[in-house]
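Throughout, a chain's letter reflects where its sequence line sits, starting with A, and its residues are numbered from 1.
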Amino acid sequence: MAAIKPSVPKGTRDFSPVEMTRRNYIFETIKSVFRKYGYQQIETPSMENLSTLTGKYGDEGDKLIFKILNSGDFLSKADSAALDARNSNQLTSSISEKALRYDLTVPFARYVVMHQNEITFPFKRFQVQPVWRADRPQKGRYREFYQCDADVVGSDSLLNEAEFILIYDEALSTLGLKDFTIKINNRKILSGIAEIIGKPELIVDMTVAIDKLDKIGMDGVVNELLSKGFTQEDVDKLEPIILLEGSNYEKLNKLRYILSASTIGLKGCEELETIFEYVNRCKLQRATVDLDITLARGLNYYTGAIFEVKTNETFMGSIGGGGRYDDLTGMFGLKGLTGAGISFGADRIYDVLQELNLFPDSVAQTTRVLICCFDKAGEEYALPLLQQLRAENINTELYPAGTKIKKQFDYANNKGVPYVIVIGSDEIESGLLTFKYMESGTQEKLTINQVLTKVK
RNA sequence: GUAGAUGUAGCUCAGUUGGUUAGAGCACUAGAUUGUGGUUCUAGGGGUCGUGGGUUCGAGCCCCAUCAUUUACCCCA
């Protein structure tokens, strides 16, 4: 068999020991903050029934779901009409009934409905697992990446939204970010704006367009709006709203004036004010909270607050987002249950910390003591010592005998092991171990008990 | 799906208007040093120049196709 060039599917990555150490540091930091705020961890399967996922992310989203081919003779059960017509979309449902999860929110909604009788509401859960998207990878975008989600269902209190801001602030500040912005908006305000303009049916096109303001500028937004069916008159009304400036409270007051004819718009303003009041009673560490009318986010299931987090220290897409969705479980037959949640994009946070050189050196977790010996006798003598060190919770390994001592030191060196014990015939005879400090190169003769006190 | 960029050693990359045997650093192996690494010195292994075709006396270099990677757009973490 010809050797194939080893590679991983595009948009996926291997994680080597150094990277894993750093990734775990990020995950542990975020998870411990989630726990601190009362969230409990769950996991769901990597694959869901395809029908659970389709239709939840819009047409574009559906295309990006990784489908899993049915096992066995899937073609014999395929829709022959679709097959003959080479119609992939129509064929899919007859040859694939499972798919990799696209996010953690929809599987969570499915979980809540299935386990509703065992859950005490409000239910606060967090989940840290990979998700898969079949889109073109590019900077900061992968086809397999981890999300760290915290959601609460069964509580319509805006305290939850306020706590999300605190969670973002605490987790990202702890990770060492010094300047980041939590953007907040409210779907009801967007609805109100669409209502004022008199084009409520075009709210999705409107939000998609104004969401791009910082990327394509006002001219680009105007062009897109005009091409989607808005008139110049609509644009004239919209432009001053989009360009609102001032503090969050100033923006809120102006919005209240603009939206005075829209009940839903005013409701959105009221919600935001309540959230700001909660947050103002708490002290934020490093976060800036910014009311941003242009923040829309693609997911159409949001009904209240919308969040997005961006670092200001480097150029990177958003490193987190979330919002409130009033009826996510309705699709699975459980009506009237409100939810809200946030997500951290761990892979992007990794890239940001890397770029800003914010990983602490101390996160290196490796072997502390390496025992080196020359032959079988040394190996046998070393085993009880090995057990003694490990009993003291010291990461210790014994290099298998039969390798040149030079190679064994190389190994310790490359792995960053700080201490080495050498055992040869002299050591076995005297009971005094050669204990070497790898960094300085110095060594001394010590008993095992002296070694234990040194490395503890 | 649309557009651009890039494919040369395990990795990062040089390679001049097209010219004879394609290089460097890192990594790896061995030796200097048979019980002492990280520094130093010496030697060595490693390449279908992504693939296929074309132009040419001659192609890593030019042309076409194809595949892969990557960046941006759509969309999104």
Side-chain angles (χ1 to χ4, degrees), chain A residues 2-13 16 26 30 57-65 88-89 101-105 128-149 204 207-209 211-212 215-216 220 224 296-300 307-311 315-323 341-352 370 372-375 378 399 401 403-428 433-443 445:
Chain A
I4 49 161
K5 193 177 181 183
S7 64
V8 295
K10 72 175 153 191
T12 67
R13 300 145 299 159
S16 295
I26 293 172
I30 293 171
Y57 310 106
D59 289 344
E60 285 295 321
D62 281 357
K63 285 185 207 159
L64 301 181
I65 295 172
S88 304
N89 285 340
R101 73 168 97 77
Y102 178 88
D103 71 356
L104 300 180
T105 309
V128 176
Q129 289 190 273
V131 303
W132 294 269
R133 297 190 185 176
D135 65 354
R136 294 267 168 99
Q138 51 188 268
K139 186 176 166 64
R141 289 176 70 170
Y142 306 100
R143 299 217 288 188
E144 177 184 61
F145 61 97
Y146 276 70
Q147 286 189 331
C148 313
D149 273 29
V204 172
T207 55
V208 168
D211 191 45
K212 297 175 191 161
K215 208 183 250 177
I216 60 178
E224 180 154 342
R297 294 181 56 76
L299 297 174
N300 286 320
F307 298 104
E308 183 162 285
V309 187
K310 283 190 165 165
T311 167
F315 182 79
M316 174 63 74
S318 70
I319 54 175
I342 53 170
S343 178
F344 287 83
D347 301 84
R348 285 194 178 172
I349 292 172
Y350 184 101
D351 291 346
V352 170
L370 178 72
C372 300
C373 49
F374 298 93
D375 48 27
Y399 201 104
T403 305
K404 283 188 190 169
I405 200 76
K406 185 192 265 187
K407 287 283 294 177
Q408 301 190 35
F409 283 137
D410 265 333
Y411 176 83
N413 219 27
N414 290 336
K415 208 167 170 177
V417 179
Y419 308 111
V420 165
I421 293 171
V422 183
I423 297 174
S425 51
D426 297 353
E427 284 81 1
I428 294 174
L433 308 172
T434 297
F435 182 75
K436 184 175 176 74
Y437 301 83
M438 287 304 281
E439 198 176 333
S440 64
T442 57
Q443 57 189 48
K445 295 276 189 179

Check: Would Arg133(A) and Asp103(A) satisfy side-chain contact (heavy atoms from CB on, under 4.5 Å), going step by step from the backbone distance to the final call?
Finding: CA-CA 9 Å; Arg133(A) 297 190 185 176; Asp103(A) 71 356; 3.9 Å; yes
Item checked: Distance in angstrom units between Lys310(A) NZ and C76(B) P, rounded -> 13 Å
Next item on the list: Mark yes or no for a side-chain to base donor-acceptor pair under 3.5 Å between Glu427(A) and G35(B), with no hydrogen or angle criteria applied.
Entry: yes
Margin query: Tyr57(A) vs Ile65(A), test: side-chain contact (heavy atoms from CB on, under 4.5 Å). Steps then yes/no.
Written below: CA-CA 9 Å; Tyr57(A) 310 106; Ile65(A) 295 172; 4.2 Å; yes
Check: Looking at G35(B), C76(B), U33(B), which one has an atom nearest to any side-chain atom of Val422(A)?
Finding: G35(B)
Notebook entry, point to check: For atom C1', what is the distance between G54(B) and G18(B), given to the nearest Å?
Noted result: 15 Å
Item checked: Length of the line joining Glu439(A):CD and U39(B):C1', which is rounded to integer Å -> 14 Å
Next item on the list: Calculate, to the nearest 0.5 Å, the distance between atoms CZ and CG belonging to Arg143(A) and Leu64(A) respectively.
Entry: 10.0 Å
Next item on the list: Can you check whether any acceptor in the base of U71(B) is under 3.5 Å from a donor in the side chain of Lys139(A), or vice versa?
Entry: no
Check: Within the structure, does a side-chain N or O atom of Lys212(A) lie under 4.0 Å from either OP1 or OP2 of C75(B)?
Finding: yes
Check: Across the strands shown, which category fits Asp347(A) at heavy-atom distances under 4.0 angstrom: base, sugar-phosphate, nothing?
Finding: nothing
Checklist line | Nucleotide G38(B), atom C1' - distance to CG of Asn414(A) in whole Å | finding: 9 Å
Item checked: Within 6.0 angstrom of Lys139(A) NZ, more than 12 heavy atoms from elsewhere -> no
Check: So, Thr12(A) and Glu144(A): side-chain donor and acceptor under 3.5 Å apart, yes or no?
Finding: no
Next item on the list: Mind calculating the distance between CD1 (Ile65(A)) and P (C76(B)) to the nearest angstrom?
Entry: 13 Å
Notebook entry, point to check: In whole angstrom, what separates Tyr399(A)'s OH from G37(B)'s P?
Noted result: 15 Å
Item checked: For C41(B), the Watson-Crick or wobble counterpart (both distances under 3.5 Å) -> G31(B)
Note to self: Tell me which nucleotide, if any, is Watson-Crick or G-U wobble paired with C73(B) when both distances must be under 3.5 Å.
What the structure shows: G1(B)
Notebook entry, point to check: Which of these nucleotides, G37(B), A77(B), U70(B), is closest to any side-chain atom of Tyr142(A)?
Noted result: A77(B)
Margin query: I want to confirm an ordering. Mapping Phe145(A) and Gln443(A) to their closest nucleotides on RNA chain B, which one lands closer to the 5' end?
Written below: Gln443(A)
Next item on the list: Mind running side-chain contact (heavy atoms from CB on, under 4.5 Å) on Glu427(A) and Lys445(A) for me, showing each step along the way?
Entry: CA-CA 9 Å; Glu427(A) 284 81 1; Lys445(A) 295 276 189 179; 3.3 Å; yes
Check: Reckon Val131(A) touches a base, only the sugar-phosphate, or nothing at all at heavy-atom distances under 4.0 Å?
Finding: nothing
Checklist line | Under 3.5 Å on both distances, the Watson-Crick or G-U partner of U66(B) | finding: G50(B)
Next item on the list: Kindly point out which of U29(B), A72(B), A77(B) is positioned nearest to the side chain of Ser318(A)?
Entry: A77(B)
Item checked: From CA spacing to verdict: side-chain hydrogen bond (donor to acceptor under 3.5 Å, both in side chains), Lys436(A), Thr442(A) -> CA-CA 6 Å; Lys436(A) 184 175 176 74; Thr442(A) 57; over 6 Å; no
Check: The side chain of Asp410(A) lies closest to which of these nucleotides: G38(B), C28(B), G35(B)?
Finding: G38(B)
Notebook entry, point to check: What does U17(B) pair with, Watson-Crick or G-U, if both distances are under 3.5 Å?
Noted result: none
Next item on the list: Indicate whether OP1 or OP2 belonging to G31(B) is found under 4.0 Å from a side-chain N or O atom of Lys404(A).
Entry: yes
Margin query: Need one value for Gly321(A): base, sugar-phosphate or nothing, where a base atom within 4.0 Å counts as base even if backbone is also close, heavy atoms only.
Written below: nothing
Margin query: Are more than 12 heavy atoms, taken from residues, nucleotides or ligands other than Gln138(A), located less than 6.0 Å from that residue's CD atom?
Written below: yes
Item checked: Distance, rounded to the nearest Å, where Lys63(A) contributes NZ and C76(B) contributes P -> 12 Å
Next item on the list: Return the nucleotide paired to G25(B): Watson-Crick means purine N1 to pyrimidine N3 with N6-O4 or O6-N4, wobble means G-U with N1-O2 and O6-N3, both under 3.5 Å.
Entry: C11(B)
Check: What is the distance, rounded to the nearest whole Å, between atom CG of Leu370(A) and atom C1' of G35(B)?
Finding: 15 Å
Next item on the list: Return the 5'-most residue of the pair Gly345(A), Ser440(A) with respect to RNA chain B, ranking by each residue's nearest nucleotide.
Entry: Ser440(A)
Item checked: Shortest side-chain distance from Lys436(A), nucleotide among G38(B), A77(B), U36(B) -> U36(B)
Next item on the list: Could you work out the separation of G52(B) and G46(B) based on their C1' atoms and round it to a whole Å?
Entry: 26 Å
Margin query: Can you tell me if Gln138(A) touches the phosphate of U71(B), counting only side-chain N or O atoms and a distance under 4.0 Å to OP1 or OP2?
Written below: no
Next item on the list: Tell me what Gly441(A) touches on the nucleic acid: a base, only sugar-phosphate, or nothing, going by heavy atoms under 4.0 Å.
Entry: base
Next item on the list: Could you measure between the two C1' atoms, the one in U21(B) and the one in U17(B), and give it in whole Å?
Entry: 22 Å
Margin query: Could you tell me how far U40(B) sits from C49(B) if I compare only their C1' atoms? Round to whole Å.
Written below: 34 Å
Note to self: With a 4.5 Å cut-off on side-chain heavy atoms, are Ile342(A) and Val309(A) touching?
What the structure shows: no
Checklist line | Distance between P atoms of C73(B) and C63(B) (Å, rounded) | finding: 29 Å
Margin query: Students often get this wrong, so: under 4.0 angstrom with heavy atoms, is Lys10(A) touching a base, only sugar-phosphate, or nothing?
Written below: sugar-phosphate
Notebook entry, point to check: So what does Gln408(A) hit on the nucleic acid, given a heavy-atom distance under 4.0 Å: a base, only sugar-phosphate, or nothing?
Noted result: nothing
Check: With a 3.5 Å cut-off and just heavy-atom distances, do the side chain of Arg141(A) and the base of U71(B) make a donor-acceptor pair?
Finding: no
Checklist line | C1'-based separation of U51(B) from U69(B) [nearest Å] | finding: 15 Å
Margin query: Can you check the distance between G44(B) and G4(B), where both ends of the measurement are the P atom (answer in whole Å)?
Written below: 47 Å
Next item on the list: For Asp135(A) and A72(B), give me the distance from atom CG to atom C1', rounded to whole Å.
Entry: 13 Å
Checklist line | Closest listed nucleotide, where the reference is the side chain of Met438(A) and the choices are G37(B), A77(B), G35(B) | finding: G37(B)
Margin query: Can you check the distance between U70(B) and C13(B), where both ends of the measurement are the P atom (answer in whole Å)?
Written below: 13 Å
